[in-house]
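In what follows, a structure is listed as structure tokens, so that the remarks can point back to it.
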Amino acid sequence: MVDGKEKWLVSMDAAERLTYLNRDVHVEHIIKGRELIGLRARVPLVNRDVPILPAGFVDPKNGTGIVMSVPAHAPYDYQALSDLKAGIHAAGVVIHEYASIHADILKIEPIVMIESEYSKDGVPASVVIKRYGISRQDDPRLEYATNELYSHEFYKGRISSDPSITMEYSGMSVKDAREKVRDDMLKRNLADTMLDLAKPVRCRCGAECVVKILEDQWFINYSDREWKRLAHKCLDSMQILPEDIRDEFVYVIDWLRERACARRSGLGTKLPWDENWIIESLSDSVIYMAYYIIAKYARMLNVDGIDDRFFDYVLLGVGDPSSIAESCKVSKDLIEQIREEFLYYYPVDSRHSGRDLVPNHLTFFIFNHVAIFPQELWPRQIVVNGSVLMDGKKMSKSLGNIVPLRKAIREYGSDAIRASLLISAELLQDADFTLDMLKSIREKVERLYSICIQFANATRDKSNSYNRVCEGSGGGYGQEHGYEHEQKQEHKQEDEYEYEDVWLMSRLQHMIKSTTDAMDRLRVREALNNLLYIMDQDMQWYLKRAKSKGRGDDEIASTIIQFLDARVRMLSPFMPFICEEMWSVLGGKGFVSMAEWPKVTPSMINSTVDEGESLIMHVMEDVEKIIKVTGMKPSRITIQVAEAWKWELYLRILSIINDGVTNYGDVMRMLVKGSSSGGSDSIATYAKSKPEMVKRMIESILSTPPESRLSRASIGVLDEVRVLSDAIPLLEKEYNCRVEVMVEDSSSSSSSIVAKKSALPYRPAIYIA
RNA sequence: GCGGGGGUUGCCUAGCCUGGUCAAAGGCGCGAGGCUUAGAACCUCGUCCCGUAGGGGUUCGUGGGUUCAAAUCCCACCCCCCGCACCA
């Protein structure tokens with residue numbers, strides 16, 4: 001008996017769920033489904049009697065637990081009917097008890113009432129079942145067949161025009177007819193609604209979820225237009241990292257509407273004006289950053305005495321502290337202190353959270369701040385991150401792919417774990433954490449640590465004043481470091497500083513800049529990549545160059561330590577513990593965590609040396625390519641550098657390109673025009689006589705990084721002989737043969753191979769014998 | 001359906017906004033060599049195709065277009081992932 005009016009026949013489960021929907025349910029009889037078999041039921045609306053059939057696939061937990069059989073259009077029903085006709089019930093079991101109605105069952109024929117592509121070849125359900133090759137009602141593919149047929153008929157099907165069956169719905173689209181039938185039945189009181197879940201939902205505790213109607217529900221009205229406007233305004237002024245996610249916030253602000261903000265059970269704060277309700281946690285968490293600040297004072301306060309006026313003053317600065325102190329029984333000083341502390345922290349500079357909270361918490365956070373606080377206290381930034389995957393999969397106990405934190409820290413150390421998490425992904429991506437990565441990071445860091453020890457020792461052996469490198473005031477690379485290099489040059493013999501030293505210090509400035517930029521944008525992965533890998537490469541090159549000249553550790557320790565000093569400072573946020581250790585080894589004062597972040601010292605950037613070293617690297621690359629392709633073992637390598645007129649031409653083209661003219665024809669025209677407009681005659685002549693040279697130079701310049709084009713222009717003619725001669729020890733050691741460097745002599749280019757591709761500036765001709 | 005993100009060289013992933021630095025960074029995997037009693041680890045080199053001179057060819061989901069020049073800009077199409085609620 002439902003609502004004291006009607007007798008309903010539903011599953012036990014449905015009877016229970018109806019009670020949650022605030023229906024008055026009385027269970028009068030419990031009937032076994034089998035008792036109904038063979039009886040007949042009347043179909044509402046059409047008023048026809050139909051037999052009641054058994055079916056194994058009907059879920060008593062779904063809806064009323066009773067379904068209408070539509071064998072023409074529901075693959076499940078069709079298959080079940082076929083099975084019954086063959087004397088088979090669910091799961092292939094032959095059921096004899098239905099023998100009495102078998103004759104009736106045999107008479108049942110599917111009635112096709114939807115026309116679509118599928119109805120052309122007979123009964124649609126049968127068509128689709130045959131296509132899938134299904135022959136039993138427990139075949140899982142029935143699910144796919146059902147989906148396919150349902151969605152096709154729903155969007156494209158029409159109700160057939162047989163008025164005896166389809167009544168006034170003939171010809172309507174299924175989509176429209178479905179709505180109309182429902183409405184008509186409700187209108188004529190032939191049906192009722194029962195709220196239910198589309199799919200079974202389970203709670204984390206394992207229990208099945210049901211739909212429950214709550215009375216007197218409280219809502220937060222996020223639909224309010226003015227409120228939305230303010231939220232947008234706040235978002236527009238905020239920094240969102242990464243930017244990609246901003247559009248999602250925009251959408252959510254518009255999409256959000258009334259949200260139930262309280263519930264009847266669970267943990268949480270009681271709703272102040274209705275103690276029967278508990279504030280739903282996502283609605284409660286919107287300004288708890290503000291609460292964090294005053295939380296620690298909670299015990300010092302007379303909580304019972306506190307009312308809205310206290311909060312108005314602390315959070316909004318409204319009211320008179322003296323009178324509030326009196327009425328709330330809190331000391332005025334304390335109130336002032338809390339207010340002061342609140343203003344110290346607020347506005348929120350950065351809220352950092354997971355991307356799954358964008359459609360709720362993070363957006364509520366914006367909404368509620370703009371609702372409560374004046375504009376100057378609105379949040380400034382939101383940072384959104386992805387989640388952590390383990391070996392490419394979501395971590396879960398059932399997959400067994402979790403490593404307990406304590407265990408991981410014990411085995412690998414927290415530094416390596418932090419770093420491998422940070423290096424595995426940028427902000428928004430899911431970070432794929434692997435043990436391989438963890439191990440490799442750990443080893444990388446251990447090596448770095450031993451390098452610190454190695455060079456710290458080298459310095460101590462020499463017992464000179466190099467240690468001061470790490471003793472900047474406050475430990476920082478402040479302005480004081482700006483003159484480091486020049487000052488040293490004065491104090492020491494000129495020849496103690498080699499090109500590689502200058503180069504390494506110059507590279508360091510680039511790395512500081514690039515890493516700082518990355519950190520400013522919270523591109524942690526990029527920053528860490530610089531610190532761990534790129535700077536390592538630089539150091540390797542430096543060591544290679546220095547060692548080839550026979551310089552000992554003590555001679556290069558000063559430079560290396562300066563480099564390490566900055567590296568450790570920047571690495572410290574990523575791996576704080578080992579960095580303190582390295583800092584101490586390097587002779588730093590205090591804690592590296594308190595030391596200043598390095599600053600770029602422009603005077604230490606030396607583009608001539610930068611270009612020089614990259615010239616050496618390119619020459620080596622080319623030599624290696626030649627050796628690889630020819631398969632020869634060099635006995636002598638001759639490097640011929642471009643002669644003066646080529647430099648003249650090159651620099652002219654470079655400046656044309658730097659002015660934005662990159663097209664060959666245009667460049668050529670400008671080169672030639674140069675002579676008539678008072679420019680250099682010789683350049684015009686060269687250009688005219690060697691057009692292919694011009695072409696090669698343009699190509700070469702265009703394949704150079706733009707910054708490098710500019711610095712090359714400012715350098716002018718690079719003394720390539722001097723640069724390359726400095727690298728002769730390295731080259732001879734690498735290739736184990738004699739190496740000579742000279743300016744090319746076009747008048748007597750003896751070697752045909754060299755002549756074929758003669759030297760360009762920054763692109764010497766190489767001859768290997 | 002609505003909204004967001006994405007398809008890159010064996011894999012994962014940078015680059016795309018601001019076109020030429022791109023045959024394309026880094027990591028993993030794989031191969032060769034070094035080290036080692038051996039292995040693990042580590043180091044060096046290689047890892048689209050062709051090539052006995054630093055070169056050439058074909059690539060960045062598909063098809064068009066713009067440009068001297070496209071992974072990058074424009075248009076169309078195909079495919080994949082995520083969210084869509086009162087639940088943290």
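FYI, side chains are in, hydrogens and waters are out, and symmetry mates aren't considered; it's all heavy atoms of this structure. To find a chain, count down the sequence lines: A is the first, B the second, and so on, and within it residues start at 1.
- Looking at heavy-atom distances under 4.0 Å, A:Pro764 makes contact with a base.
- If you take atom C1' in B:C80 and the same atom in B:U62, they sit 15 Å apart, rounded to whole Å.
- Residue contacts shown for A:Glu258 include a base, since a base heavy atom lies under 4.0 Å away.
- The side chain of A:Lys625 lies closest to B:G55 when the candidates are B:A53, B:G55, B:A85.
- Of all nucleotides listed (B:G4, B:A85, B:G55), B:G4 comes nearest to the side chain of A:Asp247.
- Taking 4.0 angstrom as the limit, A:Arg712 places none of its side-chain polar atoms (N or O) nearer than this to OP1 or OP2 of B:U21.
- With sequence neighbours excluded, the residues forming a side chain to side chain contact (heavy atoms under 4.5 Å, CB included) with A:Arg712 are A:Glu611, A:Tyr650, A:Leu654, A:Thr704, A:Ser708, A:Tyr762, listed by chain and number.
- Residue A:Trp255 has its side chain nearest to B:C84 when only B:C84, B:G54, B:G26 are considered.
- In this structure, the nucleotide among B:A85, B:G55, B:G3 sitting nearest to the side chain of A:Tyr251 is B:G3.
- The ring-ring contact (aromatic ring centres under 6.0 Å, His included) search around A:Phe367 returns A:Tyr222, A:Trp227, not counting sequence neighbours.
- Rounded to whole angstrom, the span from the CG atom of A:Leu528 across to the P atom of B:G27 amounts to 13 Å.
- Under a cut-off of 6.0 angstrom, the local environment of CG in A:Asn736 is sparse, with at most 12 non-hydrogen atoms contributed by other residues, nucleotides or ligands.
- Under the side chain to side chain contact (heavy atoms under 4.5 Å, CB included) criterion, A:Ile453 pairs with A:Tyr449, A:Asn457, A:Val585, sequence neighbours left out.
- Residue-level contact check: A:Leu357 touches neither bases nor backbone, having no heavy atom under 4.0 Å from any strand.
- B:U21 atom P lies 15 Å from atom CD1 of A:Ile698, rounded to whole Å.
- Closest to the side chain of A:Glu280, out of B:G3, B:U52, B:C86, is B:C86.
- Listed by chain and number, the residues in a side chain to side chain contact (heavy atoms under 4.5 Å, CB included) with A:Glu740 are A:Arg636, A:Thr638, A:Arg738, A:Met742 (sequence neighbours excluded).
- Across B:C60 and B:G7, the matching C1' atoms stand 10 Å from one another, rounded to whole Å.
- For the pair A:Arg257 CZ and B:C84 P, the computed distance is 13 Å after rounding to whole Å.
- Listed nucleotides: B:A85, B:C86, B:A53. Nearest to the side chain of A:Thr630: B:A53.
- Considering only heavy atoms from C-beta on, A:Ile240 comes within 4.5 Å of A:Leu235 through its side chain.
- Straight-line distance between the C1' atoms of B:C68 and B:G34: roughly 48 Å, to the nearest whole Å.
- Distance noted for atom C1' between B:G4 and B:C12: 23 Å (whole Å).
- For A:Tyr20, the side chain to side chain donor-acceptor pair (under 3.5 Å) criterion is met by A:Glu16, not counting sequence neighbours.
- A:Trp255 and A:Tyr251 have parallel rings, their planes meeting at less than 30° on a 0 to 90° scale where 60° marks the start of perpendicular.
- Atom P of B:A24 sits at a distance of 16 Å from the matching atom of B:U58, rounded to the whole Å.
- In terms of heavy-atom proximity, A:Ile366 sits nearest to A:Ala231 at CG2-O, 3.8 Å.
- Across the P atoms, B:C48 and B:C42 are found 22 Å apart, a figure rounded to whole Å.
- Pairing partner, B:G83: B:C2, with both Watson-Crick or wobble hydrogen-bond distances short of 3.5 Å.
- Base pairing annotation: B:A38 forms no Watson-Crick or G-U wobble pair, as no partner gives both donor-acceptor distances under 3.5 Å.
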Distances for protein N/O vs nucleotides 29-33 of chain B N/O pairs under 3.5 angstrom?
none

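- Qualifying side chain to side chain contact (heavy atoms under 4.5 Å, CB included) partners for A:Ser655, counting only residues two or more places apart in sequence or in other chains: A:Arg652.
- When both distances must be under 3.5 Å, the Watson-Crick or G-U wobble mate of B:U44 is B:A32.
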What are the atom names and distances for every N/O pair under 3.5 Å that joins the protein to nucleotides 43-48 of chain B?
{"unit_1": "B:C43", "atom_1": "OP1", "unit_2": "A:Arg447", "atom_2": "NH1", "d": "2.7"}

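- The number of heavy-atom neighbours closer than 6.0 Å to NZ of A:Lys228, taken from other residues, nucleotides and ligands shown, is above 12.
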Check nucleotides 67-75 of chain B against the protein and report each pair of N or O atoms closer than 3.5 Å, with its distance, or say if there are none.
{"unit_1": "B:C68", "atom_1": "N4", "unit_2": "A:Thr662", "atom_2": "OG1", "d": "3.2"}

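- The side chain of A:Arg709 lies closest to B:G20, out of B:G20, B:A53, B:A85.
- Remark: A:Ser548 pairs with no residue by the side chain to side chain donor-acceptor pair (under 3.5 Å) rule, at least two apart or across chains.
- Judged as a salt bridge (charged side-chain N to carboxylate O under 4.0 Å, His left out), the pairs with a partner in residues 538-548 of chain A (not counting sequence neighbours) are, in order, A:Glu500-A:Arg545, A:Arg507-A:Asp538, A:Arg545-A:Glu613, A:Arg545-A:Asp726, A:Lys547-A:Asp553.
- Applying the salt bridge (Lys or Arg N to Asp or Glu O under 4.0 Å) test to A:Lys270 and every residue at least two apart in sequence or in another chain returns nothing.
- Using C1' as the reference atom, B:C17 and B:A71 are 14 Å apart when rounded to the nearest Å.
- Spacing of C1' atoms, B:G83 relative to B:G39, comes out at 50 Å, to the nearest Å.
- Looking at the side chain of A:Arg763, the nearest of the listed nucleotides B:U21, B:G54, B:C86 is B:G54.
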